[in-house]
Amino acid sequence: EAEESYREALRLRPNFPETYNNLGILLENQGAFARAVDAYREALRIKPSAADVHNNLGVALAAQRKYEEAAASYRRALALTPNSALALNNLGNSLRALGQIDEAVRSLRQAIRLKADYAEAYSNLGLALRDKGQLDDAVGVFRRTIALNPKRSDAHFNLANALKEQGHRDEAIAAYRQAIALAPSF
């Protein structure tokens with residue numbers, strides 16, 4: 001019903017990029033990532049300077065594991081709004097997925113410099129540091145993530161994994177238990 005409303009609005013006003021962006025968000029939320037990409041690209045055809053749409057396009061591309069294209073979209077968003085912690089975080093995730101861990105760490109650290117309470121960026125930085133084998137740093141970052149948002153089950157789970165890799169079995173078990181208490185699906 002909502003999709004049809006957006007499509008009707010576009011029939012009446014076909015050159016309105018915000019409607020294409022909103023349609024893309026709706027489609028993305030429905031898991032229709034390829035169709036969301038089409039909507040975002042149409043919005044950008046009309047308004048190429050829409051940094052938020054470049055970021056949204058990157059998210060939809062990353063959801064399809066098209067990380068190179070996603071990173072390019074985030075970089076376009078950052079060219080337009082260099083201080084976007086969201087785009088830097090998303091870029092860091094795509095770079096990590098591409099195995100470009102050092103670049104991912106730089107991007108995620110920059111996101112945190114811009115937004116010191118950005119729990120998601122801290123969590124992603126912890127994963128990147130763990131990928132690099134920097135377990136002490138990863139544990140510290142996961143603890144910071146939990147301090148910022150104690151209800152993030154993924155942060156407890158990631159902390160547990162890093163502690164386990166360090167050989168801190170009892171601490172890891174406690175962190176796993178906390179993750180499961182927050183999200184029984186773990």
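All values below were derived from every heavy atom in this structure, side-chain atoms included, with hydrogens, water molecules and symmetry-related copies excluded.
Y122 belongs to a hydrophobic cluster whose remaining members, ordered by chain and number, are I101, V105, L108, I112, L125, L129, V141, L148; membership requires side-chain heavy atoms of ILVMFWY residues under 4.5 Å apart, directly or through intermediates. The hydrophobic cluster containing L182, built from Ile/Leu/Val/Met/Phe/Trp/Tyr side-chain heavy atoms closer than 4.5 Å, comprises no other residue.
Side-chain atoms of S73 and L61, non-hydrogen and from C-beta on, do get closer than 4.5 Å to each other. Within the 4.5 Å cutoff, no side-chain heavy atoms of R96 are placed close to those of E103. Inter-residue side-chain proximity for D102 and K132 is flagged as met; some heavy-atom pair is nearer than 4.5 Å. Considering only heavy atoms from C-beta on, L80 stays 4.5 Å or farther from R76 through its side chain. A 4.5 Å side-chain heavy-atom check between K47 and N21 finds every atom pair outside the cut-off.
I25 and V59 fall into different hydrophobic clusters, defined by Ile, Leu, Val, Met, Phe, Trp and Tyr side-chain heavy atoms under 4.5 Å apart, directly or through other members. Note on L95: it clusters hydrophobically with L78, by side-chain heavy-atom contacts below 4.5 Å among ILVMFWY residues. Residues Y67 and L57 fall into different hydrophobic clusters, defined by Ile, Leu, Val, Met, Phe, Trp and Tyr side chains chained together at heavy-atom separations under 4.5 Å. A chain of hydrophobic side-chain contacts below 4.5 Å, direct or via other Ile, Leu, Val, Met, Phe, Trp or Tyr residues, connects V139 to L127. Taken together through direct or relayed side-chain contacts under 4.5 Å among Ile, Leu, Val, Met, Phe, Trp and Tyr, V53 and L23 form parts of separate hydrophobic clusters.
Enclosure of atom CZ in R65 is not indicated, since only 12 or fewer non-hydrogen atoms of other residues, nucleotides or ligands lie within 6.0 angstrom. Environment of CD in E68: sparse, with no more than 12 heavy atoms of neighbouring residues, nucleotides or ligands closer than 6.0 Å.
With hydrogens and angles ignored, the 3.5 Å screen pairs a side-chain donor or acceptor of N158 with a backbone N or O of D154. Without hydrogens or angle criteria, N89 side chain to A85 main chain gives no donor-acceptor distance under 3.5 Å. When atom types are taken as modelled, the side chain of S84 and the backbone of A87 share a donor-acceptor pair closer than 3.5 angstrom. Listed for the S123 side chain is no donor-acceptor partner under 3.5 Å among the backbone atoms of A155.
Residues E28 and N56 come closest through the heavy atom pair OE1-O, 3.8 Å. Annotation for R113 and R106: closest pair NH2-O, 4.4 Å, computed over non-hydrogen atoms. The nearest pair of heavy atoms linking A39 to L27 is CB-CD1, 4.5 Å. Residues A36 and G24 approach most closely at CB-O, 3.4 Å, considering heavy atoms. Closest approach of G58 to A70, counting heavy atoms only: O-CB, 3.3 Å. Heavy atoms only, all atoms of each residue included: N149 and A119 are closest at CB-CB, 4.1 Å.
Here ring pair (Phe, Tyr, Trp, His ring centres under 6.0 Å) pairs that include residues 26-60, with residues two or more places apart or in two chains, number zero. The side-chain hydrogen bond (donor to acceptor under 3.5 Å, both in side chains) contacts involving residues 135-146 comprise D136-Q166, R143-E171, where partners must be two or more places apart or lie in separate chains. Each ring pair (Phe, Tyr, Trp, His ring centres under 6.0 Å) pair with one or both residues in residues 126-158, not counting sequence neighbours, appears once here: F157-Y176, F157-F186.
Atom NZ of K115 sits about 14.5 Å away from atom CD of Q110, to the nearest 0.5 Å. Taking OH of Y6 as the reference point, atom CG of N22 lies at 4.0 Å (rounded to 0.5 Å). Note that NZ of K164 is 12.0 Å distant from CG of L135, once rounded to the nearest 0.5 Å. To the nearest 0.5 Å, the span separating OG on S153 from NZ on K151 amounts to 11.0 Å. Atom CD1 of I173 and atom CD of Q178 lie 14.5 Å apart (nearest 0.5 Å).
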Exercise for review: Please step through side-chain contact (heavy atoms from CB on, under 4.5 Å) for the pair V37 and Q64, ending with a clear verdict.
Suggested key: CA-CA 10 Å; V37 165; Q64 297 176 82; 3.3 Å; yes
Point to revise | Candidate pair E4 and R11, rule salt bridge (Lys or Arg N to Asp or Glu O under 4.0 Å), full reasoning | key: CA-CA 10 Å; E4 195 50 45; R11 278 189 282 280; 2.7 Å; yes
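The only member of N90, L88, N124 that meets side-chain contact (heavy atoms from CB on, under 4.5 Å) when paired with S107 is L88.
Judged as a side-chain contact (heavy atoms from CB on, under 4.5 Å), and not counting sequence neighbours, the contacts of R45 are N15, E42.
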